[in-house]
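Chain letters run A, B, ... following the sequence lines, proteins first, then strands; residues in each count from 1.
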Protein chains: 2
Amino acid sequence: MIKIGELAKISGCSVETIRHYEKEQLLAAKLRSDGNFRLYDHADIERLLFIKHCRSLDLSLAEIRQLLSLNDSPMSQCDDVNQMIEQHIEQVERRIADLTQLNKQLKALRLSCNSKRTVEHCGILKQLNEAVSQTN
Amino acid sequence: MIKIGELAKISGCSVETIRHYEKEQLLAAKLRSDGNFRLYDHADIERLLFIKHCRSLDLSLAEIRQLLSLNDSPMSQCDDVNQMIEQHIEQVERRIADLTQLNKQLKALRLSCNSKRTVEHCGILKQLNEAVSQTN
DNA sequence: TATTGACTCTATAGTAACTACAGAGTTTAA
DNA sequence: TTAAACTCTGTAGTTACTATAGAGTCAATA
Ligand SMILES: [Zn+2]
Ligand SMILES: [Zn+2]
Ligand SMILES: [Zn+2]
Ligand SMILES: [Zn+2]
C-alpha cells in the first residue's frame with residue numbers, strides 16, 4: 001500500500017488532482033492509515049493510469065466515469081461505449097474545423113500590419129474596427 | 001440613449017454578457033437614468049461590436065482589453081498588437097495540431113470495436129486498459 | 001389611479017478540471 | 001526531541017459566461 005505522494009509520482013498526476021478525482025468519484029482509496037492517510041494498492045494505480053490515458057484523449061471526467069462503470073460491469077453492451085467515442089470524435093472534428101477557419105482569419109489580420117507604425121494607422125486595428133462598422 | 005435590453009438586441013449579446021463585460025472593464029455605461037438604468041450611446045454600440053468580433057476570433061477578454069486600450073491611445077506602437085496576434089495564432093495552431101493527433105487516436109480506438117458485443121470483449125476498453133499496462 | 005407586466009438592478013452561485021492556498025495533524029530521520 | 005517533509009480538510013481562484021433570487025423601475029391598461 002502506498003500513500004498519495006507516491007501514487008502521484010508513479011502516475012505523474014499531482015496530489016491535488018488525485019484528491020480531485022476522488023471528490024469526482026473516479027478513484028477512491030479503499031483504506032486509510034492510522035493517521036488518516038489515504039492508502040492505495042496496485043489496482044488503484046492502474047485505475048488512475050486508465051483515467052490519465054482517457055484524459056489525454058480529452059475525454060471529460062463524466063465520460064471517464066461512464067467508461068469506468070462499464071469496465072466494472074463486463075456484461076453491459078458495447079453500444080454505449082461506441083456512441084460516446086463517436087460523439088467525442090465528432091466534437092473534436094468540429095473544433096478542428098472551427099479553429100482552422102479562425103486561423104485563416106487571424107493570419108489575414110496579421111498581414112494587414114507592417115509594424116513600426118503607430119497604432120493610429122495600424123491595419124489590424126483598422127480592420128477590426130471596419131468589421132464593426134459593417135456589422136453595425 | 002438606449003437601455004441594456006436594446007443594446008443586447010442590437011449587438012446579439014445577452015444582457016448578462018454585457019453586464020459581465022462591464023465588470024471586466026471592457027465596456028462601461030457612462031450614464032445612468034433616474035431609475036439607475038444603464039444608458040448607452042452609439043460609441044458604446046460600436047465598442048461592444050468590436051468586442052464581439054474579437055471574441056469570435058477567440059481572443060481572451062484580457063487581450064481585448066489590451067486592444068481597446070491601444071485603440072484608445074493612437075500614438076502607441078503597433079508592435080504590441082502584432083505580438084499578441086502572433087502569439088494567439090501560435091496558440092491556435094498548437095491546439096489544431098494537438099486535436100488532429102487526438103483525432104487519429106480516437107479513430108483508431110473506435111475501429112477496435114464491432115459493436116453487438118458485451119463490454120467484456122470490447123476492443124475499445126481492451127485497448128484503453130492495455131495502454132495502461134504498458135505505461136505501468 | 002391602481003395595477004399589471006416587462007424591464008432592470010445587485011449580488012450570488014454554478015459550469016469544467018483543476019490549482020493553490022491556509023491551518024492543522026502525522027510521520028520520519030537526524 | 002525536534003525539525004522537515006508529508007498529509008489532511010476546506011475554501012477560493014481560474015475563464016467567460018449563464019442562471020438564478022429578490023428588489024426596484026417604468027409604461028400601458030382597466
Ligand atoms: Zn467527449
Ligand atoms: Zn499595426
Ligand atoms: Zn490569445
Ligand atoms: Zn466494444
Peer 1: Rounded to whole angstroms, how far apart are CG on B:Leu27 and P on D:dA16?
Peer 2: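 Computing the B:Leu27:CG to D:dA16:P distance gives 16 Å.
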Peer 1: Roughly how far, to the nearest 0.5 Å, is CG of B:Leu61 from SG of B:Cys54?
Peer 2: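 Between atom SG of B:Cys54 and atom CG of B:Leu61 there are 10.5 Å.
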Peer 1: Take atom CD of A:Glu6 and atom P of C:dT27, then tell me their distance rounded to the nearest Å.
Peer 2: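 It works out to 16 Å between those atoms.
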Peer 1: Send over the distance from B:Glu16 CD to C:dG14 P, rounded to a whole Å.
Peer 2: 17 Å
Peer 1: Using OP1 and OP2 only, check whether a side-chain N or O of A:Arg38 sits under 4.0 Å from D:dT7.
Peer 2: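 For A:Arg38, the contact criterion (side-chain N or O under 4.0 Å from OP1 or OP2 of D:dT7) is not met.
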Peer 1: Would you find a donor on one side and an acceptor on the other, under 3.5 Å apart, between the side chain of B:Arg65 and the backbone of B:Glu24?
Peer 2: yes
Peer 1: When we call it a touch if two heavy atoms are under 4.0 Å apart, what does B:Arg55 touch: a base, just sugar-phosphate, or nothing?
Peer 2: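 Sugar-phosphate, no base atom in range.
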Peer 1: DNA chain C: A:Asn36 or A:His20, which has the more 5' nearest nucleotide?
Peer 2: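 It is A:His20, whose closest nucleotide lies nearer the 5' terminus.
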Peer 1: Between C:dT10 atom C1' and B:Ile18 atom CD1, what is the distance in whole Å?
Peer 2: 17 Å
Peer 1: Roughly, in whole Å, what's the span from CD1 in A:Ile4 to C1' in D:dA5?
Peer 2: 15 Å
Peer 1: Ignoring backbone atoms, test whether B:Tyr21 places a side-chain nitrogen or oxygen under 4.0 Å from the OP1 or OP2 oxygen of D:dC17.
Peer 2: yes
Peer 1: Can you tell me how far P of C:dT8 sits from CG of B:Asp34, to the nearest Å?
Peer 2: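 Result: 16 Å.
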Peer 1: Roughly, in whole Å, what's the span from CZ in B:Arg19 to C1' in C:dT8?
Peer 2: 6 Å
Peer 1: Side chains of residues 86-97 of chain B: which donor-acceptor partners sit under 3.5 Å, not counting sequence neighbours?
Peer 2:
residue : atom : partner  : partner atom : Å
B:Glu86 : OE2  : A:Arg110 : NE           : 2.4
B:Glu86 : OE2  : A:Arg110 : NH2          : 2.6
B:His88 : NE2  : B:Leu57  : O            : 3.1
B:His88 : NE2  : B:Asp58  : O            : 3.4
B:Glu93 : OE2  : A:Asn103 : ND2          : 3.2
B:Glu93 : OE2  : A:Lys107 : NZ           : 2.8
B:Arg95 : NH2  : A:Asp58  : OD2          : 3.4

Peer 1: Supply the atom-to-atom distance B:Arg38 CZ to B:Met1 CE, rounded to the nearest 0.5 angstrom.
Peer 2: 13.5 Å
Peer 1: Got a second to check how far B:Ser69's OG is from B:Ile64's CD1, nearest 0.5 Å?
Peer 2: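 One gets 12.5 Å once the value is rounded to the nearest 0.5 Å.
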Peer 1: Within this structure, what is the CD-to-C1' distance between A:Gln25 and C:dC18, rounded to whole angstrom?
Peer 2: 17 Å
Peer 1: Hey, which of these two, B:Lys23 or B:Lys3, hits DNA chain D nearer its 5' end, going by closest nucleotide?
Peer 2: B:Lys23
Peer 1: Hey, does the side chain of A:Arg32 come within less than 4.0 Å of D:dT9's phosphate (OP1/OP2), counting only N and O?
Peer 2: yes
Peer 1: So, OP1 or OP2 of D:dT18: does either fall under 4.0 Å of a side-chain N or O from B:Thr17?
Peer 2: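 The answer is yes; a side-chain N or O of B:Thr17 sits under 4.0 Å from OP1 or OP2.
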